[in-house]
Amino acid sequence: MKILVVGSGGREHSLCWTLAASPLCEKLYCAPGNAGIAQEAECVPIAVDDIPALVDFAKRENIELVVVGPEAPLVAGLVDRLDEAGIRAFGPTAAAAALEGSKGFTKDLCAKYGIPTADYQRFTEAAAAKAFVRERSLPIVIKADGLAAGKGVVIATSLEEADRAIEGALEEQAFGAAGAELVIEDFMEGEEVSFFALVDGTSAVPLASAQDYKRVFDDDQGPNTGGMGAYSPAPLMTDALAARVMAEIIEPTVAAMEAESRPFKGVLYAGLMITPEGDPKLVEYNVRFGDPECQVLLMRLMSDLVTALVATCDGVLGSFDLRWYPEAALCIVMATEGYPGSYAKGSVIGGLEAAESDADVTVFHAGTKQGADGACLANGGRVLGVTALGESIGAARDRAYAAVDRIDWPEGFCRRDIGARVVE
Ligand code: GLY
């Protein structure tokens with residue numbers, strides 16, 4: 001089977017690494033890819049938002065499966081255009097990707113179908129938004145409706161902070177069109193955890209559990225990022241809780257999307273809050289694999305990924321049984337100094353072979369490119385995902401940090417507390 005992966009991050013490297021190992025994969029392309037992905041796939045220089053060029057390439061090369069990594073091309077309708085061209089694509093249509101593309105759509109869906117989430121209202125006028133904030137208690141959560149590259153959420157702890165966030169989005173267009181509408185919702189107390197399921201339009205199959213770290217510095221300090229590390233399994237997600245999440249959140253959402261004539265196919269990523277009473281509530285949906293959660297999930301996947309993705313696209317997940325290795329996996333993201341603010345590109349990264357000298361360690365590339373002399377150069381904010389397997393999260397953690405310490409990259413940094421809480 002000829003397969004095209006769309007994207008250039010650590011998530012897409014782990015997808016390519018896993019797909020390339022499948023006996024069903026004859027030829028693997030990635031658009032646009034990165035220096036690490038180039039070791040698994042032929043990289044083609046097409047940007048993820050160049051939908052006509054991606055469709056033309058898939059037609060020209062007789063691609064039989066396109067796997068779309070990031071959310072932006074999904075929300076922009078890449079899967080719709082591939083469907084029209086008769087090319088099998090893993091990921092939701094634009095109508096179904098509204099679960100991530102519009103926070104307001106998702107909240108309305110939850111309200112209509114009784115899916116547990118925080119109380120909310122939608123606003124396009126600052127005065128009405130400010131008045132609503134004064135009726136609720138603090139802290140309060142203010143979210144841009146559309147895609148804002150992970151920056152569109154403010155947890156306001158004072159009325160002044162809430163007013164600034166409302167004015168920034170609705171009056172100063174801080175998030176452009178993505179912030180022209182706001183969702184304001186009550187803050188939920190509890191423990192956050194991610195939950196992933198493959199969905200084929202009608203059936204859903206849960207993936208293994210995973211936990212990520214969103215803040216940039218140790219002890220959850222500093223600004224939010226795309227994710228600074230992850231581990232799987234997440235001890236918080238017991239089998240009993242996973243069954244509740246499927247019955248109370250995932251399956252009702254899949255049925256609701258079918259009823260709304262927006263059947264969802266692809267991977268549904270639920271950000272959940274487990275309340276102090278132990279009840280799962282939806283914080284938000286994403287319509288793609290998490291990054292770096294994908295890296296730890298795929299390190300643990302025993303079943304063939306090509307078969308699983310094709311079953312999802314072809315609507316036959318109902319009879320599918322995913323198997324996982326019992327080992328734990330843990331990923332440490334190494335980023336360029338300055339991330340998630342501004343950072344320099346082009347610093348040289350050494351020691352990658354030494355880092356991977358442990359057979360249970362894989363270094364996924366998130367933002368790298370090859371220099372003229374063959375050196376590996378940093379080319380982004382999040383640059384590497386050093387990922388290890390171990391018989392426990394503690395063992396995986398020790399291996400991953402030992403590998404990090406073999407990497408020679410003075411301009412890079414990482415959190416030092418990934419998995420620490422679980423081990424303690
Ligand atoms: N790790 C968070 C995300 O992928 O959105």
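Residue numbers run from 1 in the order of the sequence given. In each ligand, atom 1 is the first atom listed, and ligand 1 is the first ligand listed.
Put simply, the side chain of N34 gets close to the backbone of S8: a donor and an acceptor are under 3.5 Å apart. Checked by atom type and distance alone, the side chain of Y343 never pairs as donor or acceptor with a backbone atom of R382 at under 3.5 Å. In terms of modelled atom types and a separation under 3.5 Å, the side chain of R81 and the main chain of P52 share no donor-acceptor contact.
A donor and an acceptor atom, one from each side chain of Y213 and D218, are nowhere located under 3.5 Å apart.
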Does ligand 1 have any N/O atom under 3.5 Å from a protein N/O, and what are those pairs and their distances?
| unit_1 | atom_1 | unit_2 | atom_2 | d |
| --- | --- | --- | --- | --- |
| ligand 1 | 1 (N) | D212 | OD2 | 2.7 |
| ligand 1 | 1 (N) | G226 | O | 3.0 |
| ligand 1 | 1 (N) | D291 | O | 3.0 |
| ligand 1 | 1 (N) | E293 | OE1 | 2.8 |
| ligand 1 | 1 (N) | E293 | OE2 | 3.4 |
| ligand 1 | 4 (O) | R288 | NH1 | 3.0 |
| ligand 1 | 4 (O) | D291 | N | 2.9 |
| ligand 1 | 5 (O) | R288 | NH1 | 3.4 |
| ligand 1 | 5 (O) | R288 | NH2 | 2.9 |

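Open room surrounds CZ on R421; 12 or fewer heavy atoms of other groups in view lie less than 6.0 Å from it.
F217 and F413 have tilted rings, their planes meeting at an angle from 30° to 60° on a 0 to 90° scale.
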